[in-house]
Amino acid sequence: MNDDKGLVLIIEDDPQTRRFLKSSLSHQGWRIIEAEDGKTGLDKVKNEHPDLVILDLGLPDMDGLSVTKKLRHLSELPILILSARSQEQNKIMALDAGADDYLTKPFGSGELNSRLQALLRRVSKSLNNSEIFETGQLKVDRVLRKVHIAGNEVRITPIEYRLLSILIRHAGLVVTHRELLKEVWSIEHINDQHYLRIYMGQLRHKLEVNPARPKYLLTEIGVGYRLAIL
Ligand code: CA
């Protein structure tokens with residue numbers, strides 16, 4: 001057993017997925033509580049105060065979107081959603097309603113691990129809020145607003161910087177198109193996805209060795225973008 005990382009609530013009706021999550025997570029030092037439906041899950045959040053929630057979108061009693069909204073009403077705790085491929089639209093809505101990231105079933109323990117690490121960073125806020133952000137060869141001074149790649153300063157525009165800094169705030173986690181458009185351009189532009197394609201393309205040209213195969217600024221098809229933690 002590793003040291004205690006905290007308490008995870010798994011809200012999932014499928015016993016096999018629950019068993020898999022339970023064994024991977026307890027191996028890494030998490031304590032686990034479980035709920036088979038949305039109502040029980042919400043009760044356990046209120047009564048047992050978990051540090052993190054893993055939420056299946058396809059529950060027998062409530063859809064995952066309503067559970068996400070109710071959870072957000074109760075607390076700021078990180079929510080990782082589990083979705084099947086058929087739940088694409090629900091997944092995006094749950095992310096926009098405040099879920100922090102997602103895993104598409106089936107997933108492996110490696111993927112589960114890296115998502116949880118990113119969520120923990122968000123919780124501890126240590127790295128994502130510090131003055132200097134670093135991942136791989138990318139270094140961003142958030143006080144001086146300077147960006148370096150492999151030691152060389154890169155000139156980026158104010159809009160590119162805003163885009164990058166939102167991704168840094170959520171480093172390792174997906175940020176939806178809507179959220180990026182809303183934060184960088186305002187609510188009137190939440191459907192203008194071409195803005196994102198243009199500016200993300202420019203950023204990739206400045207930061208990536210091969211912009212067509214990005215290492216840092218990853219596309220989550222149909223959902224949004226993710227800044228990789230390397
Ligand atoms: Ca299910």
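Remember, it's 1-based here, ligands and their atoms both numbered in the order they're listed. In what follows, residues are counted from 1 in the order of the sequence shown.
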Margin query: Only N/O/S atoms count here: what is the atom of Asp13 closest to the Ca ion (ligand 1) called?
Written below: OD1

Check: Do any of the N, O or S atoms of Leu59 sit under 3.0 Å from the Ca ion (ligand 1)?
Finding: no

Checklist line | Ring-ring centroid check Phe107 Phe20, cutoff 6.0 Å | finding: yes

Notebook entry, point to check: Can you check whether Gln137's main-chain N or O pairs, donor with acceptor, with Tyr216's side chain at less than 3.5 Å?
Noted result: yes

Check: Roughly, to 10 degrees, what angle do Gly58 atom O and Asp56 atom OD2 form around the Ca ion (ligand 1)?
Finding: 80°

Note to self: Parallel, tilted or perpendicular: which one describes the rings of Tyr199 and Trp185, with boundaries at 30° and 60°?
What the structure shows: tilted

Item checked: Sole candidate of Asp141, Val140, Val147 that passes side chain to side chain contact (heavy atoms under 4.5 Å, CB included) when paired with Leu144 -> Asp141

